[in-house]
Amino acid sequence: YTNLTINVQAVDTGDGDLPVSGQILVRVSPNEEYQYGEIVRLRGQLKTPPENEEFSYRDYLARQGIHAYMTKTEVTRLPGNDGSFIYKVIYSFKSDLVENTYKIFQDPEASLFSGILFGVDTGLPPKIQNAFKNTGTAHIIAISGFNIAIIAGLFFSFFKWVLKNERLGAALAVLFVFLYAFLVGGDPAVMRAAIMGSLSLFARQVGRRNAGINTLAVVALIMALFNPLTLWDVGFQLSFFATLGLILYAEPFSIITARFIERITKQENSALTNIINDNLILTLAAQVMTIPLMAYYFQRFSLISFIANPFILPVQPAVM
């Protein structure tokens, strides 16, 4: 099936259309393709999303501003078109990018690439998705703060080089980071990373030291003010605590590692220390804070993730 998010304009009460507002989730056949902005008439039974002891679909959808859904729907396309012009351009561009990815690569590589770059992982077979989950590496097929950091760095370097103006380059980099965030879906974890990256670029331009923990707290506050339910989003929590782990533990762990290597080798080995710190210690610092969340929400914890993730980290920037 395909899920559509619908902006509702009216409900047919039998005595005429009753103007309403808000969003619903609609489950339709996968054989039809729908574009953003299409106007449709839906016939079906509106339901309240379910919840049980293991998972609350009601709370999950509420965080997206959706409080009702239809599981079986008859869809009629109506003439006309609606929606934001900017979103139309972004969604059309994303559709072209995903389509070209499947032209260039074969599956499952195409679906993996599409997930890493554009946040569209629906094409990945369940067997491969489970393999990523079992090895604790599922985060690479979800857009994360690391992806945003790479994108921000690339845009900043590019615009600074083209324009020969660091401040203007930083401003354009911020603009394109947010365009990328919207392109990949703009979920809470992505928006947190985009706002933090933008504040870091701003701090650099005004000559202020970027205090990571202050920035993280301010970003969480801003997002909570816009939507308090964001704080209960699992993706946001994992992203927040992974970043907190890097802020709190990356430097202390790196210092301990450098001292240990120096003690073993009897000399200062900066090259070896940098390799271990950049690939192993950073991953460990992020995982320290996310392991309890993973165990609580998904009832699983992968020991192999400590081995797998350091091998992934050096490759991800090249993929991006």
Side-chain angles (χ1 to χ4, degrees), residues 3 25 48-67 69 115-116 119 121-122 124 126-149 184-196 212-213 215-250 252-253 280-310 312-313 316:
N3 280 335
L25 188 74
T48 299
E51 60 180 346
N52 55 43
E53 293 180 358
E54 294 182 356
F55 178 68
S56 175
Y57 197 42
R58 183 182 304 176
D59 291 344
Y60 173 78
L61 291 180
R63 288 192 286 271
Q64 304 169 45
I66 299 171
H67 302 282
Y69 79 138
I116 292 172
D121 60 353
T122 51
L124 273 177
K127 183 179 178 181
I128 294 180
Q129 290 192 24
N130 287 328
F132 277 108
K133 291 175 183 176
N134 291 334
T135 54
T137 55
H139 59 88
I140 73 162
I141 48 177
I143 307 298
S144 66
F146 189 48
N147 302 66
I148 296 292
V184 299
D187 62 48
V190 172
M191 295 309 297
R192 180 212 59 78
I195 297 171
M196 276 199 76
I213 199 160
T215 307
L216 182 62
V218 168
V219 170
L221 175 63
I222 292 171
M223 295 185 68
L225 289 174
F226 277 98
N227 182 5
L229 294 174
T230 296
L231 300 179
W232 281 265
D233 182 88
V234 177
F236 174 80
Q237 290 180 11
L238 288 169
S239 175
F240 179 92
F241 281 102
T243 306
L244 183 62
L246 289 170
I247 293 168
L248 294 178
Y249 301 122
F253 284 2
L280 181 62
I281 300 304
L282 286 179
T283 303
L284 181 62
Q287 285 183 287
V288 163
M289 297 297 285
T290 57
I291 285 170
L293 286 174
M294 297 288 287
Y296 175 75
Y297 284 118
F298 307 116
Q299 287 81 50
R300 69 170 79 200
F301 166 60
S302 173
L303 289 173
I304 201 74
S305 65
F306 290 109
I307 300 171
N309 278 302
I312 291 170
L313 197 61
Q316 211 166 355

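Computed from heavy atoms alone, side chains included, the values below leave out hydrogens, waters and symmetry copies.
Listed by first and then second residue, the side-chain hydrogen bond (donor to acceptor under 3.5 Å, both in side chains) pairs that reach into residues 216-225 come to none, sequence neighbours excluded. Pairs engaging residues 233-249 under the side-chain hydrogen bond (donor to acceptor under 3.5 Å, both in side chains) rule: R192-S239, R192-T243, Q237-Y297 [sequence neighbours left out].
Note that CZ of F306 is 3.5 Å distant from CD1 of I291, once rounded to the nearest 0.5 Å. Between L229 atom CG and F236 atom CZ the span is 12.5 Å, to the nearest 0.5 Å. For the atom pair Q287 CD and L246 CG, the distance stands at 10.5 Å (nearest 0.5 Å). Note that the OG1 atom of T137 and the CD1 atom of I304 stand 10.0 Å from one another [nearest 0.5 Å]. A distance of 8.5 Å separates CG in L61 from CG in N3, rounded to the nearest 0.5 Å.
When every heavy atom of G212 is checked against every heavy atom of M196, the shortest pair comes out as O-CE, 4.0 Å. The heavy-atom pair separating S56 from E51 by the smallest distance is OG-OE1, 3.0 Å.
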Please output the side-chain donor-acceptor pairs of residues 216-223 that fall under 3.5 Å, not counting sequence neighbours, one pair per line with the distance.
none

Might you work through the side chain to side chain contact (heavy atoms under 4.5 Å, CB included) test for L238 and M294, ending with a clear yes or no? CA-CA 8 Å; L238 288 169; M294 297 288 287; 3.9 Å; yes

Go through the steps for T135 and I307 under the test side chain to side chain contact (heavy atoms under 4.5 Å, CB included), then give the verdict. CA-CA 9 Å; T135 54; I307 300 171; over 6 Å; no

Determine, stepwise, if the pair F132 / I141 fulfils side chain to side chain contact (heavy atoms under 4.5 Å, CB included). CA-CA 9 Å; F132 277 108; I141 48 177; 4.2 Å; yes

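Between the side chain of R63 and the main chain of T230, no donor-acceptor pair closer than 3.5 Å is present. Remark: side-chain polar atoms of Q129 are paired, donor with acceptor, to backbone N or O of L124 under 3.5 angstrom.
Residues L25 and Y57 are in side-chain contact: their nearest non-hydrogen atoms beyond the backbone lie under 4.5 Å apart. Two residues are said to be in side-chain contact when any heavy atoms from C-beta on lie closer than 4.5 Å; D59 and W232 fail this criterion.
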